[in-house]
Amino acid sequence: MTNAVGLHALVWVGDWSEPAARHAIESTHATGFDLIEVPLLDPTAVDPKMTRRLLDDHGLDVACSLGLDAHTDVSSENPRVVQRGRDRLAAAVEVAAAIGASRLCGVLYSALGKYPAPLGPAGRASVVETMAWLRDYARAAGVSVALEVVNRYETHVCNTAAEMLALIDDAGGGLDVHLDTFHMNIEEDGFADAVTKAGSRLGYVHVGESHRGYLGTGAVDFPAFFEALRATDYRGPITFESFSSAVVHETLSNTLAVWRATWDDPRDLAIHAREFIADRLMASGG
Ligand code: MN
């Protein structure tokens with residue numbers, strides 16, 4: 001199997017204190033994953049030295065992700081808000097590099113949440129300019145950037161792979177596409193088309209079910225998705241992302257409207273996801 005299989009830390013914990021980080025990293029390793037995705041919504045809440053030591057102790061790879069908020073929204077037409085967004089992204093790049101993450105992904109181009117109106121030309125210009133800056137800033141730190149395509153209730157910038165590719169072209173290239181099956185289920189024509197369109201520019205993948213719970217129990221067509229990954233020769237990480245009201249993050253759980261307990265046993269969920277992903281990779285010849 002050529003893909004690293006990852007797990008989002010929020011399956012285990014809602015914060016990143018040392019006991020929480022230890023629990024998340026130990027549990028991710030113990031349930032057979034290669035990589036843990038550490039959210040950096042507040043980069044100052046992640047102690048890089050402690051995190052790096054725990055990762056090294058368990059031989060676990062790491063990726064980092066975040067979404068911006070209203071005060072740091074780089075799709076804003078207010079330059080002060082955009083500057084705060086750049087400062088937050090710069091801090092996230094620094095933490096990612098310090099803990100050994102070679103990838104930063106997520107909604108790095110806008111606030112995470114429902115917008116009241118479409119994106120205007122000035123807002124889009126700010127996103128394009130900021131993403132070109134972020135690419136260069138991150139590259140200098142040895143970090144590659146993948147921009148996540150999310151559904152209409154979580155951004156007004158890009159809701160499909162095609163829109164994201166156009167944005168990246170406008171920013172001068174050099175940025176990857178990050179696809180997530182939960183969002184694709186809402187916005188794309190199907191589970192193969194978006195993967196095919198992204199092609200060699202696909203840099204990160206989230207697998208999540210349509211209700212964000214156990215894989216294979218919702219509406220996502222995983223056979224079609226994994227077959228498309230194989231057909232495009234995708235070699236990057238495949239990270240399981242799942243949320244339940246059983247594990248609460250102070251801000252992210254509310255932003256993502258995690259109101260239900262789609263599961264209550266993280267260990268059982270993680271073991272199931274690891275096996276599900278291995279089976280699908282095997283079935284598609286990966
Ligand atoms: Mn995602």
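Everything quoted here is computed from the prediction, not taken from an experiment. For ligands, and for the atoms within them, numbers begin at 1 and follow the listed sequence.
Side-chain contact between Leu256 and Arg212 is present, with heavy atoms from C-beta onward closer than 4.5 Å.
Ile186 belongs to a hydrophobic cluster whose other members, connected by ILVMFWY side-chain contacts under 4.5 Å either directly or through intermediates, are Phe182.
Salt-bridge annotation for Arg124 and Asp170: present, with a side-chain N of the basic residue lying under 4.0 Å from a carboxylate O of the acidic one.
A ring-centre distance under 6.0 Å is found for His8 and Phe243. You'll find the ring centres of Phe240 and Phe33 outside the 6.0 Å limit.
Under the side-chain hydrogen bond (donor to acceptor under 3.5 Å, both in side chains) test applied with Trp263, the options Ser245, Ser242, Ser244 reduce to a single match, Ser242.
Among protein atoms, those of element N, O or S found less than 2.8 Å away from the Mn ion (ligand 1) are Glu148 OE2, Asp180 OD2, His206 ND1, Glu241 OE1.
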